[in-house]
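Structure record follows, encoded as structure tokens.
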Amino acid sequence: MDVTEIIDPLNEMQRQAVTAPNQPMLVLAGAGSGKTRVLVHRIAWQIQVEGLSPQSILAVTFTNKAAAEMRLRIESLLDISARAMWIGTFHGLAHRLLRRHSKEAGLPETFQVIDSDDQYRLIKRLLKSLNIDDGKWPPRQIQWFINGQKDEGIRAASVVETGDLFQRQMLLVYRAYEEICQRSGLVDFAELLLKAHELLRDNPDLLNFYQKRFKQVHVDEFQDTNTIQYAWLRLLTQNQQNLFVVGDDDQSIYGWRGAKIENLFSFQSHYPDHQVIRLEQNYRSTGNILKAANSLIDNNQGRMGKELWTASGDGEPISLYAAFNEQDEAYFVIERIRKWVNEGGLRSDVAILYRSNAQSRQFEEKLMSTGMPYRVYGGLRFFERAEIKNALAYLRLISNRLDDAAFERVINMPTRGIGAKTMDDIRLKAQHTNKSLWQAALDLLSESAFTARASNALQGFVKLINDLAESSQDLELYEKVKSVIEKTGLIETYKKEKGEKGEARVENLEELVNAARSFDYDQDNDENLGELEMFLSYAALEAGEMQGNDSDDCVQLMTLHSAKGLEFPLVFLVGLEDGLFPSQQSVDDPGRLEEERRLCYVGMTRAMSDLYLTYAESRRLYGRETIARPSRFLREIPAETMQEVRVRAQVSRPVTAGASISGQIQQNNTFKLGQHVGHAKFGEGVVLQVEGEGAQERVQINFRDAGIKWLMLAYAKLEVL
DNA sequence: CTCTACGAATTTTTT
DNA sequence: ATTCGTAGAG
């Protein structure tokens, strides 16, 4: 292969990064500057030119999606299989290490990965068994504490005690939690990273082996690494100084979950011989958008310094729309999307970005009633659905009877007459004898400690699990899954469940069988573990996307956080109000405010050619009408890049769904949004909405004294003030 | 065990 | 407003 293929598509700075000699490298890659391209080409360069073998390449990302994309692009560039390379998420690679060296890591060979929901339930149950009031000590907070400590690399045993009551309580649970996980063979996400770090730290031979094996270590989105992830990277690269990281301090938006933007600075002192390369040429957005984004982010302190520029022109100005309320905001956005589509634009090229999920609703309703296809990113993923997790819990229990989390989950699902009392007895026994719930249940059964009824029910359950384990022993994976959802009565229960919900659940369970059928076992077969166990790990580590409506041409709705890394020709950044964005909880803390600003920066730089910023003067939030001021971020954007859209003068909206589908209806011109009116009985008020036409026309009015009312225009005698 | 009612909370999310 | 979880009744 010709080296020009690797080099030619790169600009000068990218080329410098790709072809740099082996030394620590920090590539500060602005939004849209070709960061993934640099990583991919760098790896290709090392294989093609430096002669590294694929197995000496390690590349770490944060999401499975990013890892998959990188792998794909390397394969298509080099036209070789990237299978031998270690490309994956921090968690995925940590998992692989722990599977290979479970003994050295002090884990049972069959350990299983639990997701945050499992973790939450486990903690909740733990509190109950420790007799801790979960009202006073919210499980969420404890989960937060435990994960926070683990992210910092701190074990319960090594927490520095302050004598603080709060801390003492947290620590108590942390210790108990560690114990129960160890006993049940369960590993949570943070534990994967922590254990992987300890594994290398405490086993010099292993560390040495991997240090030698990985000639180059690449990290994507380095600004998002937390303490333990960076520590792990340092262990691997401290001898060979072969760490190549790509990141952007201006796009660090995960500080709230432990990401340490400081790692970017630490890198420079930990690797004194490093080289820094800045990628500032942007290939995505127009000049106006970049100018605006640059000015905004310039308000942050202590940046590493970077200014995006583009070789293409200024483009259209950014549009700013001041909506009357959140309804008006949604209507405005959807009108503009319709216009875009009418002019031949693709819906899938349009994104509506918001700060919090609750904001999607307004847009969904209006999109739905307009009949415009859309897709909301972010809800429950496939493997996180309750029915799926129930089925998986059965499989887990079959694989490992010590799995207390799975036991608790399915002991009475579907209901089989094992109630709270029986469970309490089992928990108590387990706690006293320091055994698993399963063993405790067996012990209690042999002691005939239950009423006949409870005893029967419990025996039935024990037999069910044992029989399932035995009968499915030699079955194909998908047959195992099938047999589980049928013989446990799970699918039967959901079939009886009324309505669409039950139907959807049955479908999901059937889909689970399909997922098992198409599970690619060979790929991960190097980890001497059963197929079922690998499938379960896969389910936990890769929760799977939502239903794949990818083929349809849909408007994309998502939070700003989930938009990172994506780009769209037309972007609506909505809800730009103080208190909403930046969120109320951040406005008083300069650090958090800066993170919000970076979030805004990320949002703006998603736009390729057209960017709309909108805010509502009044918004219904948590059931209350609130008056908001435009976001402070708007004032940080230069006026010459922006153009205010005024539609209220000509168009009276919102319009109802039916009306807007039928198209160009004539609206009355008397009662526009925001119009002050008087009513004989209700007094003075302001028009909020107008809908319907002719005799059906109604207006919604916010009366100063009487509150918000809908009035039929034909009957209500309204007076224009 | 299931159903109803009431109260509390309510940024962001991946693994 | 809405959702979610728990407590108490049936």
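- The residue Ile114(A) sits apart from the nucleic acid: no heavy atom pair falls under 4.0 Å.
- Side-chain N/O atoms of Ser116(A) and base N/O atoms of dT15(B) include a donor-acceptor pair closer than 3.5 Å.
- Among the protein residues, Phe62(A) comes within range of the sugar-phosphate backbone only, with heavy atoms under 4.0 Å from sugar or phosphate atoms but none that close to a base.
- Put simply, Trp256(A) rests on the base of dT12(B): the two rings are less than 5.5 Å apart at their centres and nearly parallel, under 30°.
- Using a 4.0 Å heavy-atom criterion, one finds that Ser583(A) contacts the bases of the nucleic acid, with or without backbone contacts as well.
- Distance from the side chain of Arg355(A) is smallest to dT12(B) among dA1(C), dT13(B), dT12(B).
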> What string of B, S and - do you get for nucleotides 2-10 of chain C 5' to 3' if you count protein non-hydrogen atoms under 4.0 Å?
Replying inline: S---S----
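- Taking only side-chain atoms of Glu384(A), from C-beta outward, the nucleotide of dT15(B), dT13(B), dA1(C) with the closest atom is dT15(B).
- Among the atoms of the strands shown, only primed sugar atoms or phosphate atoms (P, OP1, OP2) are found under 4.0 Å from some heavy atom of Asn357(A).
- Arg73(A) and Glu69(A) are joined by a salt bridge, as a carboxylate oxygen and a charged side-chain nitrogen come within less than 4.0 angstrom of each other.
- No close placement of the Phe633(A) and Tyr615(A) rings is indicated, their centers lying 6.0 Å or farther apart.
- A gap of 23 Å separates the C1' atoms of dG5(C) and dT12(B), to the nearest Å.
- Backbone-only contact: Asn412(A) has heavy atoms under 4.0 Å from sugar-phosphate atoms and none from a base.
- Looking at heavy-atom distances under 4.0 Å, Glu596(A) makes contact with a base.
- Among the heavy atoms of the strands, none lies under 4.0 Å from Asp188(A).
- Between Tyr354(A) and Phe581(A), a ring centre-to-centre spacing not shorter than 6.0 Å is recorded.
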